[in-house]
Amino acid sequence: MKTPGLVLREGELEKRSDSLFQFWKKKRGVLTPDRLSLFPAGPGARAKELRFHSILKVDCVERTGKYVYFTIVTTDRKEIDFRCPGESCWNAAITLALIDFQNRRALQTFRSRQERAPAAPAEPRAS
């Protein structure tokens, strides 16, 4: 399901921290067909990856002033808040990549079920 090296979008977005004060932290985002990788602003820090198989949906899209705010909901119901400049459209890019991933996974599941299912015997035709 992974397409190595294919970057759909790359740029800056901000993630709300999980700490008590909930600061917005700048991240460099790299969107590929199967994940969103978030790199901290500082050099040498490790990226955090949100793989699409663990993302349920992109939710709560709201535009206020110069920012678009959105939430990524994971399969374990964790909510991760982001914001980006309105013209960057990160929320739309992530949503479209997630839908594409889910469609490819559904097709893969369907095809594997068809391959495992025994062929139905042909019914005799009435003359």
Side-chain angles (χ1 to χ4, degrees):
M1 190 102 30
K2 185 178 175 183
T3 310
L6 180 60
V7 174
L8 302 174
R9 183 174 198 83
E10 187 172 356
E12 186 179 288
L13 70 159
E14 296 179 45
K15 178 185 170 292
R16 191 190 317 244
S17 69
D18 294 330
S19 69
L20 177 65
F21 296 109
Q22 297 187 341
F23 295 112
W24 289 101
K25 294 184 179 180
K26 290 186 187 298
K27 305 284 182 182
R28 183 175 63 87
V30 177
L31 181 64
T32 64
D34 68 337
R35 72 189 74 198
L36 172 64
S37 299
L38 301 168
F39 296 88
R46 247 180 62 207
K48 290 185 180 177
E49 293 187 339
L50 292 169
R51 296 174 184 260
F52 286 154
H53 66 80
S54 66
I55 295 177
L56 194 60
K57 62 183 174 176
V58 178
D59 205 6
C60 301
V61 178
E62 180 181 336
R63 180 183 294 272
T64 58
K66 67 177 190 171
Y67 289 109
V68 172
Y69 295 82
F70 61 97
T71 301
I72 291 178
V73 181
T74 63
T75 52
D76 60 353
R77 303 290 188 225
K78 181 180 178 190
E79 295 184 356
I80 307 166
D81 295 326
F82 291 91
R83 74 178 182 184
C84 59
E87 68 278 357
S88 72
C89 299
W90 268 102
N91 58 307
I94 295 168
T95 300
L96 289 173
L98 177 62
I99 290 168
D100 184 57
F101 174 84
Q102 290 169 338
N103 286 342
R104 283 184 284 126
R105 188 169 63 177
L107 278 171
Q108 194 175 45
T109 301
F110 175 75
R111 287 181 183 139
S112 68
R113 284 184 185 156
Q114 277 189 323
E115 290 169 1
R116 285 188 306 224
E123 292 187 27
R125 287 184 157 178
S127 313

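Side-chain atoms are counted along with the backbone in the values below, which use heavy atoms only and exclude waters and symmetry mates. Keep in mind the model is a prediction, meaning the values are calculated, not measured.
Atom CZ in R83 sits 11.0 Å away from atom CG in L13 (nearest 0.5 Å). Between the NZ atom in K66 and the CD atom in E87 there is a gap of 9.5 Å [rounded to 0.5 Å]. The CZ atom of F101 lies 15.0 Å from the CG atom of L96; values are rounded to the nearest 0.5 Å. If you take OG on S37 and CD on E49, they are separated by 4.0 Å, rounding to the nearest 0.5 Å. Remark: Q108 CD to N103 CG distance equals 12.5 Å, nearest 0.5 Å. Taken to the nearest 0.5 Å, the NZ atom of K27 stands 6.0 Å off from the NZ atom of K15.
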_Step-by-step side-chain contact (heavy atoms from CB on, under 4.5 Å) determination, L31 to V7_ = CA-CA 6 Å; L31 181 64; V7 174; over 6 Å; no
*asked:* Quick one, W24 with Y69, criterion ring pair (Phe, Tyr, Trp, His ring centres under 6.0 Å). Give me CA distance, side-chain angles, the key distance, then yes/no.
replied: CA-CA 11 Å; W24 289 101; Y69 295 82; 5.8 Å; yes
*Would you check, one step at a time, whether the test side-chain contact (heavy atoms from CB on, under 4.5 Å) holds for C60 with E79?*
CA-CA 10 Å; C60 301; E79 295 184 356; over 6 Å; no
*Given the rule in the side-chain contact (heavy atoms from CB on, under 4.5 Å) test, do H53 and R105 qualify, once you have shown the distances and angles that lead to the verdict?*
CA-CA 9 Å; H53 66 80; R105 188 169 63 177; 3.5 Å; yes
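Proximity of D18 to K78: side-chain heavy atoms (C-beta onward) are separated by under 4.5 Å at one or more points. Annotation: side chain of P33 is in contact with side chain of L8 (closest heavy-atom distance under 4.5 Å). Between K26 and P40 the shortest side-chain heavy-atom distance does not fall below 4.5 Å. Side-chain contact check for Q114 versus R116: every heavy-atom pair is 4.5 Å or farther apart. In this structure the side chain of I55 never reaches within 4.5 angstrom of the side chain of T75, judged on heavy atoms.
Counting side-chain heavy-atom gaps under 4.5 Å among Ile, Leu, Val, Met, Phe, Trp and Tyr, F110 is found in no cluster with other residues. In this structure, L56 belongs to a hydrophobic cluster whose other members, linked by side-chain heavy atoms under 4.5 Å apart, are V73.
Under a hydrophobic clustering in which Ile, Leu, Val, Met, Phe, Trp and Tyr are joined whenever their side-chain heavy atoms come within less than 4.5 Å, directly or via other members, F82 and V30 fall into different clusters. Both L38 and I94 are part of a single hydrophobic cluster, where members link through side-chain heavy atoms under 4.5 Å apart. In terms of hydrophobic clustering, with Ile, Leu, Val, Met, Phe, Trp and Tyr side chains grouped at heavy-atom distances under 4.5 Å, F70 and L50 are assigned to a common cluster. Hydrophobic clustering (ILVMFWY, side-chain heavy atoms < 4.5 Å, transitive): V61 and Y67 are in distinct clusters.
Put simply, the side chain of W90 gets close to the backbone of E12: a donor and an acceptor are under 3.5 Å apart. Counting only distance, with no hydrogens or angles, the side chain of T95 and the backbone of N91 share a donor-acceptor pair below 3.5 Å.
Across L98 and K57, no two heavy atoms sit closer than the pair CD2-CA, 3.8 Å. Scanning both residues, V68 and G86, for their nearest heavy atoms gives CG2-CA, 3.6 Å.
If you check the side chains of D81 and T71, you find a donor sitting under 3.5 Å from an acceptor.
A search for side chain to side chain donor-acceptor pair (under 3.5 Å) contacts involving E62 returns nothing, not counting sequence neighbours.
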